[in-house]
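Here's the structure, in structure tokens; my notes come after.
Residues: numbered from 1 along the sequence shown.
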Amino acid sequence: MPDGLIKTLAIAVAVDLNPSILLIDEVENSLHARALEYVFDMLNSVKVPVLAATHSPNVVDLAGPERTFLVTRGEDGTKVEG
């Protein structure tokens with residue numbers, strides 16, 4: 001079974017468990033572009049907050065600037081811009 005399918009199923013199960021918050025690290029790893037769009041559609045339909053960490057500009061494009069936060073860490077500590 002492809003890794004992308006396993007990841008998509010794992011996210012679907014997590015959504016079905018109705019958590020109070022959903023955290024996903026590197027949501028785009030192992031996913032084909034169309035599968036990533038499907039996952040985003042699924043995540044957009046849930047009523048709970050979803051936080052997804054990424055380094056991918058494609059994920060940022062899918063999320064849109066109004067839902068994107070930039071987190072950086074430097075000598076002055078961690079900063080969040082959004």
Over all heavy atoms of both residues, which pair between [X] and [Y] is shortest? Give the atoms and the distance, please.
X	Y	result
E26	H55	OE2-ND1, 2.7 Å
E28	T54	OE1-OG1, 2.7 Å
A14	P19	O-CD, 3.2 Å
P49	S20	CD-O, 3.4 Å

Discussion item. Apply side chain to side chain contact (heavy atoms under 4.5 Å, CB included) to residues N18 and K47 and explain how you reach the verdict.
Written reply: CA-CA 9 Å; N18 198 27; K47 303 292 184 213; over 6 Å; no
Worksheet entry | S45: partners by side-chain contact (heavy atoms from CB on, under 4.5 Å), with sequence neighbours left out |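 Once residues adjacent in sequence are excluded, S45 has no partner under the side-chain contact (heavy atoms from CB on, under 4.5 Å) criterion.
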Can you tell me how far [atom2] of [Y] sits from [atom1] of [X], rounded to the nearest 0.5 angstrom?
X	Y	atom1	atom2	answer
K79	R73	NZ	CZ	13.5 Å
L22	L43	CG	CG	6.5 Å
I11	I24	CD1	CD1	4.5 Å
S56	L62	OG	CG	8.0 Å
I6	L31	CD1	CG	11.5 Å
D41	E37	CG	CD	7.5 Å

Item to complete: Check whether more than 12 heavy atoms from other residues, nucleotides or ligands sit under 6.0 Å from atom CD of E66, and answer yes or no.
Response: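 Counting other residues, nucleotides and ligands, CD of E66 exceeds 12 neighbours.
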Worksheet item: Same cluster for L36 and L23 if Ile/Leu/Val/Met/Phe/Trp/Tyr side chains link at under 4.5 Å?
Response: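 Looking at the clustering, L23 is in a separate group from L36.
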Worksheet item: Is I21 close to L51 at the side-chain level, that is, under 4.5 Å between some pair of heavy atoms?
Response: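 They are in contact (side-chain heavy atoms under 4.5 Å apart), so the answer is yes.
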Practice prompt. Carefully, step by step, assess V27 and V39 under the rule side chain to side chain contact (heavy atoms under 4.5 Å, CB included).
Written response: CA-CA 9 Å; V27 66; V39 167; 4.1 Å; yes
Worksheet item: Looking only at atom types and distance, does a side-chain atom of N44 sit under 3.5 Å from a main-chain N or O of F40, one as donor and one as acceptor?
Response: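 Yes; at least one donor-acceptor contact below 3.5 Å.
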